[in-house]
Amino acid sequence: QHDGIAGVSKSASTKDIKKAYRKLAMKYHPDKNPNDKDAEQKFQDLSAAYEVLSDKEKRQTYDRHGEEGLKNAGMHDAGDVFSSFFGGGGGFGGFHFGFGGDDPGGEREMPRGADIVVDLEVSLVELYTGDFIEVARYKPVTKPAPGTRQCNCRTEMRTQQLGPGRFQMSPQQICDECPNVKFVTEEKILEVEIEPGMRDGQNYPFVAEGEPHIDGEPGDLTFHIVQMRHPIFQRNGDDLYANVTISLVDALNGFSMDLVHLDGHKVHIEREKITWPGAKIRKKGEGMPNYENNNILGSLYITFDVDFPKGTLTEEEKTAVTSVLKQKSKQTPYNGLE
């Protein structure tokens, strides 16, 4: 049952399982399907399936003993699983899908914790193929504590009569009394989906995973994608650039080679004519996938450098080179910056 719910095969990778869960969780989340018991049950089943399929030990237990073997396995709440992908702090409340208006009641604005922005280094390989990055978030959460505390404090203007026809208005702080709480730091694993074609500087938000507020809502956590340097490929938009150094023999005689791409596939390069230093070729469709449409791929531009031999030629060798190349000695000054 668990294998079918997530829509993936038994041999599916963890990455495929996470992608399937993320897509279906958005579809069946109770906030998106109010008063739909069928969607709510599918959401619960989906979360249980994801937790089993993504955990090696639980998956082995399920394969051996079925659902009976998982009764004491310590399964998480469906809302907690969802929040590890999207934020929201667990449960179903507070996650906004972008529909519905603002509260028209005109109530006092809820205080809110600070937003957090964190740089997340991502390799060019991950931006090309797509992947999930697990980030450990150590977050203060509220726990019950003995006693009560002042809460929801605000400043109100109070009018005081000083005498006949004389009044004075002065600010006064008014607070409610609430059950006492304390902050306890807990570890939570967040799943950041790096989609193919994502760009350097792109932001990835997690709702309500920022700093908490003791009397209000937590702020948001945003990961700022920072593309790491790659030893071979340089990215510009959806295009990739690489340099290849060849020998002088290859430059003159031609050559063939395979350039290993970011996902491991090989790009074949074959040159039969002379290749001069700085020569460029374009491989269409071998660049980065476009983020908005992964079916569109940029180009790969390869620039060739020529490794000239060191040392000195003998007179006989110089004569032979001149004879083979059929070139005379020639020097032409010019402005190379225009």
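Counting from 1, the numbers follow the sequence of the chain as shown. Keep in mind that the numbers below use all heavy atoms, side chains included, and drop hydrogens, waters and symmetry copies.
Using bins of under 30°, 30° to 60° and over 60° for the plane-to-plane angle, the ring pair Phe206/Phe223 lands in the perpendicular bin. Taking the six-membered ring for Trp and thresholds of 30 and 60 degrees, His265 and His261 have nearly parallel ring planes, at less than 30 degrees apart.
Qualifying side chain to side chain contact (heavy atoms under 4.5 Å, CB included) partners for Asn290, counting only residues two or more places apart in sequence or in other chains: Arg199, Asp238, Glu292, Asn293, Ile296.
Put simply, the side chain of Arg154 gets close to the backbone of Asn152: a donor and an acceptor are under 3.5 Å apart.
The SG atoms of Cys175 and Cys153 are placed within less than 2.5 angstrom of each other.
Judged purely by distance below 3.5 Å, without hydrogens or angles, the side chains of His268 and Glu270 pair a donor atom with an acceptor atom. There is a side-chain donor-acceptor pair under 3.5 Å between Ser329 and Gln331. A side-chain donor-acceptor contact under 3.5 Å links Glu195 and Tyr291. The closest side-chain donor-acceptor pair between Glu126 and Ser123 falls under 3.5 angstrom.
Using a 4.0 Å cut-off between a side-chain N of Lys or Arg and a carboxylate O of Asp or Glu, Lys18 and Glu193 do not qualify as a salt bridge. Salt-bridge annotation for Asp239 and Lys283: absent, with no side-chain N of the basic residue lying under 4.0 Å from a carboxylate O of the acidic one.
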Applying ring-ring contact (aromatic ring centres under 6.0 Å, His included) to Phe255 and Phe304, what does each step give before you reach the verdict?
CA-CA 12 Å; Phe255 64 94; Phe304 295 101; 5.8 Å; yes

Run Lys266 and Asp263 through salt bridge (Lys or Arg N to Asp or Glu O under 4.0 Å) and show every step you take.
CA-CA 9 Å; Lys266 295 178 180 179; Asp263 63 346; over 6 Å; no

